[in-house]
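Working notes, structure below.
Numbering of ligands and ligand atoms starts at 1, following listing order.
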Amino acid sequence: MNEHNVIPDNWYEDAFGELYSIVYAHRSVASALPEAAFAARATGLNPKDRLLDLCCGTGRHLANLLQNGGGVSLCGFDYSPELLAQAQKNTRGLVPLIRGDMRALPFQNTFSVVFNFFTSFGYFMEDSENEKALLQMEAAMLPGGRFFFDYLNPDQIEARLVPESTRESKGYLIHEKRWIDEHTKRINKNIIVERDGQIIGKNSESVRMYALDELKAMLLRAGLHIRQVWGDYDASPYDTLSPRMLVLGCKDAS
Ligand SMILES: C[S@@+](CC[C@H](N)C(=O)[O-])C[C@H]1O[C@@H](n2cnc3c(N)ncnc32)[C@H](O)[C@@H]1O
């Protein structure tokens with residue numbers, strides 16, 4: 001495995017299956033609690049809102065919003081049948097969950113709030129395809145709607161890149177190799193999961209690292225405006241070494 005490895009264009013179709021829940025076991029319902037609370041505060045979430053968790057995965061943020069969201073109407077959307085099945089359990093069948101591709105959302109002028117957590121953007125190889133996801137998000141929102149976007153910080157990724165690591169999760173060994181492709185501006189990762197000396201699965205990930213200015217321009221073209229940016233869930237300011245790029249924004253009121 002080296003940096004000349006080719007990651008398939010449609011890597012996201014396979015990367016969010018059973019293996020994902022082993023590799024990201026620490027991304028639990030409990031760890032999502034402060035994130036959901038932060039996004040709810042940032043967007044001024046209130047019981048009249050209709051909220052879409054775009055790329056909801058296992059529904060870990062929805063589960064918290066169900067508990068603490070004051071009765072706000074919730075909906076989850078994701079591509080992975082495996083993670084949606086988990087979301088169904090985590091939300092006790094109380095939240096509508098819809099399967100599909102973020103580039104073709106089945107909603108028009110429907111939601112007053114959209115959340116997008118844990119780097120669920122920049123997956124497609126073409127910028128125009130990533131932009132399509134933002135256009136679809138805008139179309140799904142009501143005029144004046146708010147969105148919260150939890151995305152990676154490209155500068156921090158570049159400064160802190162760990163090219164190779166091995167860790168243990170739920171009795172499995174997770175080997176991860178990471179590299180940045182300067183040409184495509186993507187952070188790529190190859191993952192091997194091992195148990196008792198046997199390889200039980202492999203995954204690849206590849207995310208376009210949009211700088212804040214690039215994201216801002218893409219959002220603007222989609223009719224969405226940034227209102228505030230933080231560097232992490234402790235509300236610290238965004239800078240080159242911030243762990244995250246947390247963006248609060250809105251759609252025009254008319
Ligand atoms: C990094 S996970 C984050 C999941 C969730 N937001 C969380 O915080 O746990 C990215 C999610 O995007 C979903 N996804 C990947 N490609 C997608 C696509 N083309 N359309 C919709 N969802 C997609 C995956 O299935 C996965 O649940």
Near ligand 1, at a heavy-atom separation below 4.0 Å: residues by chain and residue number: Y12, F16, Y20, C55, C56, G57, R60, H61, D78, Y79, S80, L83, G100, D101, M102, F117, F118, S120, Y123, F124
Electrostatic pair R208:D127 at N-O distance under 4.0 angstrom: yes
Between F121 and Y123, ring centroids under 6.0 Å: no
Ring centres under 6.0 angstrom apart (F107, F111): yes
Q156: side chain to side chain donor-acceptor pair (under 3.5 Å) partners, not counting sequence neighbours: none
Option among Y151, F149, F38 that satisfies the ring pair (Phe, Tyr, Trp, His ring centres under 6.0 Å) test with W230: F38
Aromatic plane relationship, Y12 with Y79 - under 30° parallel, 30 to 60° tilted, over 60° perpendicular: perpendicular
